[in-house]
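Only one structure is covered here, and it is reproduced in the block below.
Nothing fancy with the numbering, it's 1 onward along the sequence.
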Amino acid sequence: METKISSSIEEAADLLNRGQLVAIPTETVYGLAANALDKTAVVEIFNAKQRPSFDPLIVHIGNKSDVNRYASHIPINAQKLMDSFWPGPLTVVLPKQNCIPDEVTSGLDTVGIRMPNHSLTLQLLSKLDFPLAAPSANPFGYISPTTSQHVFDQLQNRIPMILDGGSCDIGVESTIVGFEGELPIVYRLGGLTLEDIRNVCGEIKVEVNSSSDPKAPGMLKSHYAPTKPLKIISSNHNFNDLTNHSALIVFGDFEKTTHAQLFNLSPIGNYKEAASNLFSFLRKLDTDDNVKEIFAVLLPSINLGIAINDRLSRAAHQD
Ligand code: AMP
Ligand code: MG
C-alpha cells in the first residue's frame, strides 16, 4: 500500500469512514487514528504499530461536550481541568461508556479522552460521526513522531495516508490524569505541566514510576527509545572525556569544553522550545552515522523540564 502525504481533510475523512487508518497531526505528536467505535479498525492500529494489546489508546474528540457521550462519570476536578486546558495536551482517564470497545481500552473499564489543539484535526473531527482512537504514530517503544516525514519514515506502506499539518507545536505527548474520587492522579508527565494542574485543582498525586502497570503502559521504563545507547550524565561530568563520535544533548547556557557533538535543546533556556526539539534531535542522532552513542544532561526539574527528563530517562533505560 502506498502512503500518501496530503493536507486534504476530505480524503482523510473518506478513509476513516471506510475503517482505514490515517496519521493525524496534533499539537503534541502525530497520532495514528481510526474510528474509535469500530473495533476492527482499532485492531489495525495495534497491527500497524506492533503495539501490545495491553496498551490502551487515547480517544480524541472534537467538542468538549462529547466527553459526556464516552465517559459515564465526570469528577468536578476533571471538568475544571477540561474547561481550563481543552483543546490542549491533557488526557483525562474516566469510567467508560459501553460504546467504547474493549479493544480501545485494553479491557480496562476506564477510557483516556482528549480534545487535541490542532486546526486540521479539529476540522477533520467535525466532519466525522465518531471519535478517533489514536496512539502516537510510531512503532511501539520508539521515539514519537513530530513531523509527517517522521511518520512516513517508519510507517510508509503500512498506512494509506498521513494528514500533513506541519511540525507539532508542543512536541511531547499529553499529560495523562486519572482520578481517585476528586483527587487528580498524574499517570504520565507531558505537555501540560504539574504547576498548571495544581493551579486548578490544588492537591494532586503523581504516579508515574510504575514499570509495567497495565494502567499506564506509556510508563514502561524503557520507552521513547532510540536504537543507539543513550546515557544520562551529570552536569558535573568531565565533558573532555567524550569523543567526537558522541553526541551530547544539553539545555541552556553550556560553556564546558568537549569533543562531543553538541546539541542544545534551547540555548536560551526556553522549556517549550526544548520540548519541541527533543524527539527531532533524538531521531536525527539515531540515524546519523557519525554518532555512536548519545549522552544527555537532565534539565532543571521544573515546568516542561519534568516531562523532558522523564522521556530522556526512559530513552536511557535498557531492559
Ligand atoms: P500514546 O498515545 O501512544 O502516547 O499512548 C497512550 C497512553 O495513554 C497509554 O500508553 C497509556 O499510558 C495511557 N492510557 C490510555 N488509556 C488509558 C486508561 N484507560 N487508563 C490509563 N492510562 C491510559
Ligand atoms: Mg506512544
With a 3.5 Å distance limit and no angle check, can you tell me whether [X] reaches the backbone of [Y] through a side-chain donor-acceptor pair?
X    : Y    : value
K64  : W86  : yes
R188 : I176 : no
E182 : I76  : yes
T121 : P25  : yes
N35  : G19  : no
T258 : N240 : no
N277 : L265 : yes
N236 : N238 : no
E27  : N117 : yes
N17  : A13  : yes

As a quick check of understanding, evaluate side chain to side chain contact (heavy atoms under 4.5 Å, CB included) for V200 and F85, giving each step before the final call. CA-CA 10 Å; V200 171; F85 302 117; 3.7 Å; yes
To check you understand the geometry: which heavy-atom pair defines the closest contact between [X] and [Y], and what is its length?
X    : Y    : value
A315 : P226 : CB-CD, 3.8 Å
N138 : Q154 : CB-OE1, 4.2 Å
D164 : S148 : OD1-OG, 3.2 Å

[X] [atom1]: over 12 foreign heavy atoms closer than 6.0 Å:
X    : atom1 : answer
E2   : CD    : no
N199 : CG    : yes
E195 : CD    : yes

Sequence neighbours left out, what passes ring-ring contact (aromatic ring centres under 6.0 Å, His included) with F130? Give chain and number order. none
In chain order, what residues pass the ring-ring contact (aromatic ring centres under 6.0 Å, His included) check against H245, with sequence neighbours excluded? none
Can you run down the salt bridge (charged side-chain N to carboxylate O under 4.0 Å, His left out) pairs that involve [range], sequence neighbours left out, and say none if there aren't any?
range            : value
residues 256-282 : D169-K272
residues 89-107  : K96-D102
residues 71-90   : none
residues 291-308 : K231-E293

Go through R283 and Q149 one step at a time and tell me if the side chain to side chain donor-acceptor pair (under 3.5 Å) criterion holds. CA-CA 11 Å; R283 271 176 190 261; Q149 187 63 43; over 6 Å; no
Decide side chain to side chain contact (heavy atoms under 4.5 Å, CB included) for I233 and F239; before the verdict, give the C-alpha distance in whole Å, the side-chain angles of both, and the deciding distance to 0.1 Å. CA-CA 9 Å; I233 51 178; F239 293 95; 3.8 Å; yes
Non-hydrogen side-chain atoms of [X] and [Y] separated by less than 4.5 Å:
X    : Y    : result
M82  : I113 : no
S167 : T146 : no
L124 : L16  : yes
L122 : M115 : yes
I58  : S174 : yes
T147 : F152 : no
D153 : T287 : no

Would you give the length of the straight line joining atom [atom1] of [X] to atom [atom2] of [Y], rounded to the nearest 0.5 angstrom?
X    : Y    : atom1 : atom2 : answer
I9   : D14  : CD1   : CG    : 13.5 Å
L189 : N309 : CG    : CG    : 9.5 Å
T110 : L94  : OG1   : CG    : 8.5 Å
I143 : K284 : CD1   : NZ    : 13.5 Å
Y142 : H150 : OH    : NE2   : 9.0 Å
L282 : F263 : CG    : CZ    : 10.5 Å

Only pairs under 3.5 Å count here: list side-chain donor-acceptor contacts from residues 36-44, not counting sequence neighbours, and write none if there are none.
residue : atom : partner : partner atom : Å
D38     : OD1  : T40     : N            : 3.0
D38     : OD1  : A41     : N            : 3.2

Of all residues at least two apart in sequence or in a different chain, which pass the side-chain contact (heavy atoms from CB on, under 4.5 Å) check with [X]?
X    : value
A316 : L230, I232
E11  : K4, S6, S8, M161
D289 : none
R69  : D66

Examine the side chains of N68 and S65 and answer whether a donor and an acceptor come within less than 3.5 Å of each other. no
Start with the C-alpha gap between S136 and E173, add the side-chain angles, then the distance that decides, and say whether side chain to side chain donor-acceptor pair (under 3.5 Å) holds. CA-CA 8 Å; S136 52; E173 296 82 352; 5.0 Å; no
Start with the C-alpha gap between L248 and L262, add the side-chain angles, then the distance that decides, and say whether side chain to side chain contact (heavy atoms under 4.5 Å, CB included) holds. CA-CA 5 Å; L248 175 59; L262 210 52; 3.7 Å; yes
Contact list for residues 298-308, test side-chain hydrogen bond (donor to acceptor under 3.5 Å, both in side chains), sequence neighbours left out: none
Is there a ring pair (Phe, Tyr, Trp, His ring centres under 6.0 Å) between F46 and F140? Walk through the geometry before answering. CA-CA 9 Å; F46 286 89; F140 182 71; 9.6 Å; no
Dump the intermediate steps for side chain to side chain contact (heavy atoms under 4.5 Å, CB included) on V151 and I159, then the final yes or no. CA-CA 10 Å; V151 182; I159 57 173; 4.2 Å; yes
Chi angles and distances behind the side chain to side chain donor-acceptor pair (under 3.5 Å) call for T26, R114: CA-CA 11 Å; T26 80; R114 168 167 122 81; 3.2 Å; yes
